[in-house]
Amino acid sequence: MPHKVVRPPGASRSRSLGWLALWWIETFVVHGPGAVQGEPIRHGDEYSQFIVDCYALDGDGRRLVDSAFFSRPKGCNKSGLAAELVLLEALGPCRFDGWAKGGEVFEFLGQTYVYAAGEPMGSPVRSPFVRIMATEEGQTGNVYDQVYLNLKEGPLAELQAYGLDVGLTRVLLPYGGEIPPSTAGSASKDGGKETFAVMDETHLYNTPGLRSMHTTVTRNLVKRKRVDETWYIETTTMYAPGEESVAEQTYKYAQAVEESLTALAEGRAPKIRGRLRMLYDHRWSDLQNLSDLDALEGAIEEAYGEALDWNSKQGLIDEIFDPRSTPEASRRYFLNALTEQHNAWITPAQIAGATSGMPGRGADEVAAGEQIALGFDGAQTDDATALIGCRISDGYLFEIGIWECPDGPEAADWRVDEVAVDAAVANAHARYDVQAFFADPPHWIDQVERWEREYGDGYRAKASGNSVVKWWTKLDTKMSMALERLHDAIAKEQVAISANPVLVRHLINARRWSRRGGIVIGKEAKGSVKKIDAAVASALAYEARAQVLNEPEKPAPEMFVPFKVGGSRRR
């Protein structure tokens, strides 16, 4: 089922303040404006687990999550969930206060929670400053509307007797602190007092002012992090590709986190060097054919999960079938699916089909001695280098090595490790039966020629009439045909691809560009940091395999048995 949850290392639902948080929310918080206004909150397993994940602790009782990302389709009460966390962070027992021996109690507004032995105990934040971000001036948004109703009419309204001051533009808390809804113009005026922040519907944060607001607030949270363990949550529906919204940036960061966790598990250097403290929870469906009613019903169930308890499946189908809705918009808003840009080479859904059920461990999944072809593309300093394998028997594409220039300040002095690349080529030849190797020479001409001298005699296919290995990707006609071969195989679900997130990202980053020789691929724009080298190397590996299949097997050398002319063989 398309539901991805990425948690920080060490996170455990058995060691979390989230169970106390759930009790507090379901005891004191009610639904905001709408059909169920004023009714108590009740969560099923899915939303409960998200809250528990938000409050995961390490062995010392410190928070593990400093940012949470909750992505769901339209109508999944994302704003309501964020409002619950606002109220908890402002008034509830949301920070660690020791380990219970068993029998200790937490009391609030006449209600009592009894701790079990070994359970983390909680206490409120001292002088909390809980900021709710709004996208427009004068607009408090759905999150603040639910907070306001709770503090005016719900069980928490009793706190007005203790100094709670609830206004339409801010809340002053009874024991110090406040809850302000803020806009881009006001977010930077409070000197960084935030202990918790909510950024609702960040797919709409697609202007310089809103992106700057996000940066300012997340930077402010650092100032009280050590004592108050500050954090924030983003809620969103799928972003529109290319708008560079905050949601789009966070999805990319989540990919980097996932890749780093995979690298750490495999003993490799992670892409992100700092602590991995993000919680990422994304639910969606990859259905392409929205006209298939049975499949559409299943896709809605996949994408909505627990939220179908308060959504009408038939109503959602009616919205999707409305001729005023485009398929792309329906997939984005109601299936929470990533839609491709207008010139995407491979769609995310096609990639999902090719990687479905496939592991992300690449070379480890291909047996030693298997016949494979290799594809290579790369740079030396400011981009990426990729060595991709393709199994001859079925065309399975897998990563052997992908070396990327890092983002940020480390990029200035970065240079690909040529020794590591050369070792990867040598190891591939030692482990597998390499039948062909097509490599793009620019930036690597000396190494490519050396590989050709060292290994070329054993190959069954030539990259060109002049070279066994050198394949010039700048020759548009030839490259266009190779790309078309791989594209068609992916689109027709005739090839499987390793689910390695770096390889998948490169494939999705590739854009179609028309040239005189045909359709080729490139980055979305010159100088873009979105790398595609593994996509190019994949096309070369797949083309090398095709050429091998078109060549006859080399006959085994005949055994020569000497004998004496005019006489009989010795016995």
Side-chain angles (χ1 to χ4, degrees), residues 1-6 71-74 76 203 236-243 245 247-248 251-252 254-255 258-259 280-305 316-317 319-321 325-360 395-398 483-512 519 521 524 530 532 534-535 538-539 542:
M1 181 174 291
H3 181 197
K4 179 176 289 187
V5 178
V6 178
S71 173
R72 291 296 188 277
K74 193 176 180 66
C76 287
H203 65 283
T236 190
T237 298
M238 181 54 67
Y239 63 87
E243 288 187 351
S245 64
E248 184 170 4
Y251 270 97
K252 294 172 187 174
Q255 279 186 320
E258 186 177 13
E259 292 169 18
Y280 173 82
D281 193 315
H282 174 214
R283 191 172 191 128
W284 77 101
S285 173
D286 284 314
L287 181 68
Q288 284 289 295
N289 182 11
L290 303 185
S291 64
D292 184 333
L293 183 57
D294 291 339
L296 181 58
E297 289 185 356
I300 290 171
E301 292 171 1
E302 284 184 334
Y304 276 79
L316 294 168
I317 291 172
E319 288 284 346
I320 292 170
F321 283 166
S325 298
T326 66
E328 291 77 13
S330 292
R331 293 184 64 248
R332 239 187 92 201
Y333 288 111
F334 301 116
L335 300 185
N336 204 33
L338 179 60
T339 57
E340 62 274 10
Q341 289 186 310
H342 72 282
N343 63 337
W345 180 56
I346 295 291
T347 69
Q350 289 169 336
I351 291 295
T355 59
S356 177
M358 302 307 300
Y396 173 58
L397 287 162
F398 60 97
L483 289 165
E484 183 179 2
R485 188 192 302 276
L486 178 56
H487 179 275
D488 286 352
I490 294 173
K492 295 174 183 177
E493 299 185 356
Q494 296 173 343
V495 64
I497 301 174
S498 164
N500 176 278
V502 185
L503 174 56
V504 169
R505 172 162 50 80
H506 281 225
L507 288 163
I508 290 177
N509 286 346
R511 299 288 176 261
R512 294 165 51 91
I519 300 296
I521 62 173
E524 61 183 1
K530 296 181 180 179
I532 68 165
S538 296
Y542 198 72

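The structure displayed is predicted, hence computed values, not measured ones.
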If you count every heavy atom of other residues, nucleotides or ligands that lies below 6.0 Å from Gln494 atom CD, does the total exceed 12?
yes
Quick test of your reading: applying salt bridge (Lys or Arg N to Asp or Glu O under 4.0 Å), list the pairs with at least one residue in residues 286-296, sequence neighbours left out, ordered by first then second residue.
none
Determine yes or no for a side-chain-to-main-chain donor-acceptor pair under 3.5 angstrom, with Thr237 supplying the side chain and Arg72 the backbone.
yes
Testing His282, Arg283, Glu302 for side-chain contact (heavy atoms from CB on, under 4.5 Å) with Pro2, which one passes?
Glu302
Apply salt bridge (charged side-chain N to carboxylate O under 4.0 Å, His left out) to the pair Glu328 and Arg332, showing each step before the final yes or no.
CA-CA 6 Å; Glu328 291 77 13; Arg332 239 187 92 201; over 6 Å; no
For Leu296, the option from Asn289, Ile320, Leu316 that meets side-chain contact (heavy atoms from CB on, under 4.5 Å):
Ile320
For Tyr333, does the OH atom sit with more than 12 other heavy atoms under 6.0 Å from it, leaving out its own atoms?
no
May I have the step-by-step check of salt bridge (charged side-chain N to carboxylate O under 4.0 Å, His left out) for Asp281 and Lys4, ending in yes or no?
CA-CA 6 Å; Asp281 193 315; Lys4 179 176 289 187; over 6 Å; no
Among Asn509, Leu486, Ile532, the one residue meeting side-chain contact (heavy atoms from CB on, under 4.5 Å) with Trp345
Leu486
Do side-chain atoms of Asn336 reach the backbone of Met238 as a donor and acceptor pair under 3.5 angstrom?
yes
Would you confirm whether His506, through its side chain, and Ala534, through its main-chain N or O, come within 3.5 Å as a donor-acceptor pair?
yes
Under the 3.5 angstrom rule, does the side chain of Arg511 hit a backbone N or O of Ala344 as a donor-acceptor pair?
no
Would you say the side-chain atoms of Glu258 pair up with the backbone N or O of Gln255, donor to acceptor, closer than 3.5 Å?
no
